[in-house]
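Working notes for the structure below.
Atoms considered below: every heavy atom in the structure, side chains included; atoms not considered: hydrogens, waters and symmetry mates.
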Amino acid sequence: QVDVTAMARLFGYVDVTDSSFIAAVLSIAFNPFFWNVVARWEHKTRALSRVFGSPHAACYCLGAVILMLNCVRSHCFTEAMKSQPKLEGLDCHWAYYLGLAILAVGILFVVSSFLALGFTGTFLGDYFGILMEAKVTSFPFSVLDNPMYWGSTAVYLGWSLM
């Protein structure tokens with residue numbers, strides 16, 4: 001016998017049939033799938049580099065597409081958060097400020113990762129043959145192995161709490 005009361009309580013706070021929730025889940029799942037498939041395809045074929053005339057131009061174009069997809073993902077996430085039931089215990093100042101603090105830490109990790117890696121380092125330049133001279137070991141990579149991923153997760157967690 002399995003006790004499903006905890007799962008039943010969770011589904012009381014998440015409306016999985018809401019179209020905004022479904023759009024958010026799909027956009028969250030699609031984005032990394034898309035950029036990994038495109039980057040691996042480019043690595044094998046160099047097709048984008050040929051179409052755009054250089055690996056740098058192709059990487060910048062893919063980066064722009066990734067940024068646009070991230071805007072769509074953020075919009076879908078925000079709309080889903082607006083339409084979902086609220087936890088009464090989180091409707092207070094301390095939860096808001098905790099969310100704000102987590103959001104700030106997330107932004108710090110995301111922005112500092114981007115500054116350490118540069119545009120092509122952030123947006124899959126290695127798949128285009130654009131390699132960095134050395135492994136980045138400065139902050140935030142001196143603190144976390146994957147600061148961009150952890151930072152993005154913290155941004156969305158903080159946003160959710162707020």
Side-chain angles (χ1 to χ4, degrees), residues 7 10 13-14 16 20-82 84 87 90 94-162:
M7 193 60 104
L10 174 66
Y13 290 106
V14 179
V16 296
S20 296
F21 178 82
I22 294 167
V25 168
L26 290 175
S27 67
I28 289 166
F30 175 76
N31 285 7
F33 173 78
F34 169 78
W35 70 62
N36 278 294
V37 167
V38 171
R40 288 169 193 248
W41 175 68
E42 167 62 17
H43 183 67
K44 285 184 180 183
T45 67
R46 298 291 183 226
L48 291 175
S49 293
R50 284 194 306 275
V51 167
F52 287 99
S54 78
H56 282 83
C59 184
Y60 277 97
C61 287
L62 178 60
V65 170
I66 290 171
L67 287 171
M68 285 187 281
L69 287 171
N70 287 343
C71 289
V72 170
R73 178 186 63 191
S74 294
H75 172 74
C76 290
F77 181 84
T78 301
E79 293 304 309
M81 291 303 299
K82 288 179 191 175
Q84 290 294 305
L87 285 170
L90 294 179
W94 71 265
Y96 177 83
Y97 290 119
L98 176 63
L100 189 61
I102 293 170
L103 177 76
V105 169
I107 290 171
L108 173 69
F109 281 129
V110 169
V111 170
S112 61
S113 296
F114 179 80
L115 293 174
L117 294 172
F119 193 91
T120 58
T122 299
F123 293 105
L124 308 166
D126 52 337
Y127 287 90
F128 292 84
I130 305 167
L131 304 176
M132 300 188 77
E133 292 184 22
K135 181 178 178 177
V136 178
T137 56
S138 60
F139 182 82
F141 294 92
S142 60
V143 178
L144 294 169
D145 284 336
N146 299 298
M148 185 73 73
Y149 294 130
W150 285 109
S152 295
T153 301
V155 165
Y156 285 105
L157 175 61
W159 203 345
S160 300
L161 288 172
M162 291 173 61

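- At distances below 3.5 Å, not a single donor-acceptor pair connects side-chain atoms of R40 with backbone N or O atoms of W35.
- Sorted by first and then second residue, the pairs that involve residues 44-71 and meet ring-ring contact (aromatic ring centres under 6.0 Å, His included), not counting sequence neighbours, are Y60-F119.
- Here the closest non-hydrogen pair linking I102 and A154 is CG2-O, 3.3 Å.
- At least one side-chain heavy atom of L62 sits under 4.5 Å from a side-chain heavy atom of F34.
- S152 is listed as a side-chain neighbour of V110, based on a closest heavy-atom distance under 4.5 Å.
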- Message: Set out, in order, the CA-CA distance, both residues' side-chain angles and the distance that settles side chain to side chain contact (heavy atoms under 4.5 Å, CB included) for L108 and F139, then state yes or no.
- Response: CA-CA 10 Å; L108 173 69; F139 182 82; 4.1 Å; yes

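- Among residues two or more places apart in sequence or in another chain, the ring-ring contact (aromatic ring centres under 6.0 Å, His included) test is passed with F141 by none.
- Here the closest non-hydrogen pair linking R73 and N31 is CB-ND2, 3.5 Å.
- Taking 4.5 Å as the limit, every side-chain heavy atom of T137 sits out of range of all side-chain heavy atoms of S142.
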Only pairs under 3.5 Å count here: list side-chain donor-acceptor contacts from residues 22-30, not counting sequence neighbours, and write none if there are none.
{"residue": "S27", "atom": "OG", "partner": "A23", "partner atom": "O", "Å": "3.2"}
{"residue": "S27", "atom": "OG", "partner": "A24", "partner atom": "O", "Å": "3.0"}

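- One distance of note links CE of M148 with CG of L117; it measures 6.0 Å at 0.5 Å rounding.
- V14 has its side chain within reach of F21: a pair of non-hydrogen atoms, C-beta onward, lies under 4.5 Å apart.
- The shortest distance between side-chain heavy atoms of M81 and W159 does not fall below 4.5 Å.
- T45 and R50 make their closest contact through O-NH1, 2.7 Å (heavy atoms, listed as atom of the first residue, atom of the second, distance).
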- Determine, step by step, whether R46 and Y127 satisfy the side-chain hydrogen bond (donor to acceptor under 3.5 Å, both in side chains) criterion, reporting the C-alpha distance in whole Å, the side-chain angles of both residues, the deciding distance to 0.1 Å, and the verdict. CA-CA 9 Å; R46 298 291 183 226; Y127 287 90; over 6 Å; no

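- Taking every heavy atom of both residues into account, P55 and S49 meet most closely at CA-OG, 3.3 Å.
- Across all their heavy atoms, S113 and P140 have their closest contact at OG-CG, 3.4 Å.
- F109 and G151 make their closest contact through CB-CA, 3.9 Å (heavy atoms, listed as atom of the first residue, atom of the second, distance).
- Rounding to the nearest 0.5 Å places CE of M132 at 10.0 Å from CG of D126.
- When side chains are defined from C-beta on, V65 does not count as touching F123, because their heavy atoms never get closer than 4.5 Å.
- Looking only at distances, a side-chain donor or acceptor of E42 sits under 3.5 Å from a matching main-chain atom of L48.
- In this structure, the separation between CG on L67 and OG1 on T122 is 9.5 Å, given to the nearest 0.5 Å.
- With contacts defined as side-chain heavy-atom distances shorter than 4.5 Å, the pair I66/L124 qualifies.
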